[in-house]
Peer 1: 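Sharing a structure with you now.
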Amino acid sequence: MDDHKKYMLQALKIAFDRMGKTSPNPPVGSVIVKSGAVVSAAGTGAYGESHAEASAISGAGVDLTGADMYVSLEPCNHYGKTPPCTAAIIKAGISRVFIPLKDPNPLVSGNGVAGLKAAGVEVVFMEDMADYAADLLRHFKKFILQHKPFVLSKSAMTLDGRIAAKTGDSRWISSENSRFISHKLRAKVDAVIVGRNTFIHDNPSLAVRLDSFSVAVKEYFSAAPPVMCGRDNFFLKSLFVEEISDVRMPLRVVIGLPGDIDMASNIFSDDNYLFFEKHSAVDRLVRADRSMAKKLGSLQLVPVDAESPVEEARLICDDLGRRGVMFAMVEGGGRLAGSLFDAGEIDQFFYIIAPKVAGNGIPCLAATGADFIVDALPLHDVTIMPVKDDLVYNGYKTPAHFERAVRRI
């Protein structure tokens with residue numbers, strides 16, 4: 001591996017580390033090299049804090065005149081919560097900036113490159129690292145262009161496509177190793193979404209509990225990189241091999257209200273949760289039981305004016321986007337996943353397939369369904385990976401496409 005790739009890979013690893021902690025800003029990594037040595041490295045801070053480039057510059061502690069910067073996304077050239085990173089780069093005297101992609105944000109795309117070049121800073125596009133960078137930025141691209149979250153549908157299922165037995169029992173379909181990956185996924189999203197039935201039957205906490213897994217499970221992932229068939233997905237590879245620390249717990253979202261609410265449920269461990277329910281359903285609950293009015297008044301409840309499950313799914317995604325949720329994961333409920341699918345809101349399908357056959361049970365996706373196979377949704381950028389005896393199948397609704405340019409070094 002040449003030095004350029006080595007330094008960009010370091011920047012990309014920093015960007016992965018920052019995923020789940022920067023929304024609604026993109027997770028970005030920056031590495032500064034001078035005289036053949038790394039003098040500073042940093043990632044995007046929490047929203048309103050410094051961007052990766054500015055943090056790396058301020059933390060260098062040495063003269064950066066003539067230095068190179070490797071950054072996982074085009075530097076911004078406009079004022080937002082923080083000043084433009086291009087200004088900090090130019091002021092620091094950095095002579096070359098290596099990037100894999102232009103920023104999909106219309107306020108930035110190409111402007112950062114143009115601003116740097118106008119000031120005499122050489123910009124080098126690393127085309128060979130573009131796919132890796134794109135895998136970390138799919139969620140930001142949808143959010144910045146559509147103002148709604150990128151939605152990942154995650155299911156553990158039997159070989160015959162069931163997420164639970166016909167009785168509703170689902171513990172445990174997948175292996176402990178696969179469940180560890182699911183918790184690492186939780187650490188990288190801004191929100192975890194389940195349906196009312198999952199809330200009632202499973203009493204989920206929806207928290208990230210990486211410390212609850214055995215040493216043997218953790219060693220399985222640190223022993224060797226995953227075997228991948230299909231796309232060499234940098235996000236998935238990092239999810240397997242990189243340790244995750246300093247976890248920011250995702251927002252817990254429940255779609256639908258039960259007939260009664262137990263305030264001792266795990267979902268109420270703190271205030272980082274939301275319930276969504278149609279206005280009409282809320283009114284019915286209160287008419288049926290007047291005591292519910294007081295309980296609902298103490299909940300973080302968002303009433304939704306929706307006439308159908310599809311409309312409800314779209315309105316919920318719009319609301320989460322307004323709250324700055326950039327990356328959301330649907331974890332429970334075939335009907336919930338089906339409504340989001342019918343609404344066109346699911347962007348990524350992450351299926352853990354276990355070597356078990358239920359014979360009957362609950363499907364992972366209870367959508368309207370296509371009448372003909374030719375109308376089925378085709379997936380792109382597909383990756384297949386074994387996790388012990390389980391198989392992870394990951395695909396996207398649309399391929400990663402970011403604006404690139406001819407590489408110059």
Side-chain angles (χ1 to χ4, degrees), residues 149 151-157 162-171 173 182 186 189-207 249-320 323 325 328-343 345-346 361-368:
V151 178
L152 180 156
S153 179
K154 191 276 294 184
S155 290
M157 66 184 71
R162 305 296 170 171
I163 60 172
K166 59 184 180 180
T167 61
D169 177 62
S170 62
R171 296 192 177 183
I173 289 176
S182 297
R186 283 184 184 177
V189 301
D190 303 312
V192 178
I193 306 172
V194 297
R196 172 181 52 222
N197 288 338
T198 299
F199 170 70
I200 294 171
H201 297 302
D202 295 350
N203 188 23
S205 67
L206 305 183
M249 292 293 174
L251 175 69
R252 305 182 298 279
V253 178
V254 181
I255 311 301
L257 284 170
D260 191 21
I261 297 171
D262 181 1
M263 297 306 294
S265 298
N266 292 329
I267 209 81
F268 302 116
S269 59
D270 59 30
D271 292 333
N272 190 35
Y273 74 88
L274 285 177
F275 279 81
F276 286 89
E277 182 59 279
K278 294 186 288 293
H279 268 111
S280 57
V282 173
D283 291 342
R284 282 197 303 271
L285 286 172
V286 172
R287 285 197 302 269
D289 182 359
R290 290 294 176 182
S291 67
M292 280 291 287
K294 184 175 181 181
K295 283 189 176 182
L296 295 181
S298 66
L299 286 185
Q300 293 179 186
L301 170 64
V302 183
V304 181
D305 281 318
E307 307 231 347
S308 69
V310 166
E311 183 184 6
E312 182 182 23
R314 288 174 179 155
L315 290 173
I316 288 168
C317 286
D318 289 342
D319 184 277
L320 291 175
R323 296 173 188 272
V325 173
M329 177 165 66
V330 181
E331 272 210 25
R335 280 184 292 178
L336 170 61
S339 296
L340 287 160
F341 179 84
D342 286 339
E345 296 293 352
I346 297 180
I362 299 172
C364 66
L365 199 61
T368 300

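Keep in mind that this is a model prediction, so the values were computed, not measured.
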Peer 1: Between the side chain of Arg252 and the main-chain N/O of Leu206, is any donor-acceptor distance below 3.5 Å?
Peer 2: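 No, because the side chain of Arg252 does not come within donor-acceptor range (under 3.5 Å) of the backbone of Leu206.
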Peer 1: If you measure from the Lys or Arg side-chain nitrogens to the Asp or Glu carboxylate oxygens, is any gap between Asp342 and Arg335 under 4.0 Å?
Peer 2: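 Arg335 and Asp342: not salt-bridged.
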Peer 1: What are the two closest non-hydrogen atoms of Gly195 and Leu336, and how far apart are they?
Peer 2: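 Closest approach of Gly195 to Leu336, heavy atoms only: N-CD2, 3.4 Å.
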Peer 1: For Phe199, which residues count as a ring pair (Phe, Tyr, Trp, His ring centres under 6.0 Å) partner, sequence neighbours excluded?
Peer 2: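 Residues passing ring pair (Phe, Tyr, Trp, His ring centres under 6.0 Å) with Phe199: Phe275.
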Peer 1: Within this structure, what is the CG-CE distance for the pair Leu299 and Met263, rounded to the nearest 0.5 Å?
Peer 2: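 These two atoms lie 5.0 Å from each other.
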Peer 1: Say you draw a straight line from OG of Ser339 to CD of Glu311; how long is it, rounded to the nearest 0.5 Å?
Peer 2: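 With rounding to 0.5 Å, OG (Ser339) is 12.0 Å from CD (Glu311).
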Peer 1: When you compare the side chain of Glu277 with that of Pro303, does any pair of heavy atoms fall below 4.5 Å?
Peer 2: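 Not in contact.
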Peer 1: Do you know the tightest heavy-atom contact between Val325 and Ala191?
Peer 2: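 Closest heavy-atom pair between Val325 and Ala191: CG1-CB, 3.8 Å.
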Peer 1: So how far is it from Lys278 NZ to Leu257 CG, rounded to the nearest 0.5 Å?
Peer 2: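 That separation rounds to 10.0 Å.
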Peer 1: Just verifying a value: how many Å separate Leu340 CG and Arg314 CZ, rounded to the nearest 0.5 Å?
Peer 2: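 These two atoms lie 10.5 Å from each other.
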Peer 1: Report the residue from Leu320, Leu152, Val151, Thr198 that forms a side chain to side chain contact (heavy atoms under 4.5 Å, CB included) with Ile193.
Peer 2: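 Answer after filtering Leu320, Leu152, Val151, Thr198: Leu320.
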Peer 1: Which heavy atom of Leu315 sits nearest a heavy atom of Asp305, and at what distance?
Peer 2: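 That closest heavy-atom pairing would be CD1-O, 3.1 Å.
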Peer 1: Please name the pair of heavy atoms, one in Ser182 and one in Lys154, separated by the smallest distance, quoted to 0.1 Å.
Peer 2: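 That would be OG-NZ, 3.5 Å.
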Peer 1: So how far is it from Met249 CE to Asp190 CG, rounded to the nearest 0.5 Å?
Peer 2: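 That separation rounds to 14.0 Å.
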Peer 1: Can you see which heavy atom on Phe268 is nearest to which on Asp262, and at what distance?
Peer 2: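 So the minimum-distance heavy-atom pair works out to CE1-O, 3.3 Å.
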Peer 1: Has Asn266 got a side-chain atom pairing as donor or acceptor with Asn203's backbone, closer than 3.5 angstrom?
Peer 2: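 Yes; judged by distance alone, with no hydrogens or angles, the pair exists.
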Peer 1: For the side chain of Asp202 and the backbone of Pro204, is there at least one donor-acceptor N/O pair under 3.5 Å apart?
Peer 2: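 Judged by distance alone, no pair lies under 3.5 Å.
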Peer 1: What are the two closest non-hydrogen atoms of Gly334 and Ile163, and how far apart are they?
Peer 2: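 Nearest pair, atom of Gly334 first, then Ile163: N-CD1, 3.9 Å.
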Peer 1: Hey, does Glu345 have a side-chain heavy atom less than 4.5 Å from the side chain of Ile316?
Peer 2: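 No. Closest side-chain heavy atoms not under 4.5 Å.
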Peer 1: Measure from the side-chain N and O atoms of Gln300 to the backbone N and O of Tyr273, and report whether any donor-acceptor pair falls under 3.5 Å.
Peer 2: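 Checking the backbone N and O of Tyr273 against the side chain of Gln300, a donor-acceptor pair under 3.5 Å is found.
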Peer 1: Salt bridge or not for Asp319 and Arg323, using N-O below 4.0 Å?
Peer 2: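 Here Asp319 pairs with Arg323 in a salt bridge, since their nearest N and O are under 4.0 Å apart.
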Peer 1: Can you tell me how far the CG atom of Leu296 sits from the CG atom of Leu285, to the nearest 0.5 Å?
Peer 2: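 If I round to the nearest 0.5 Å, the distance is 6.5 Å.
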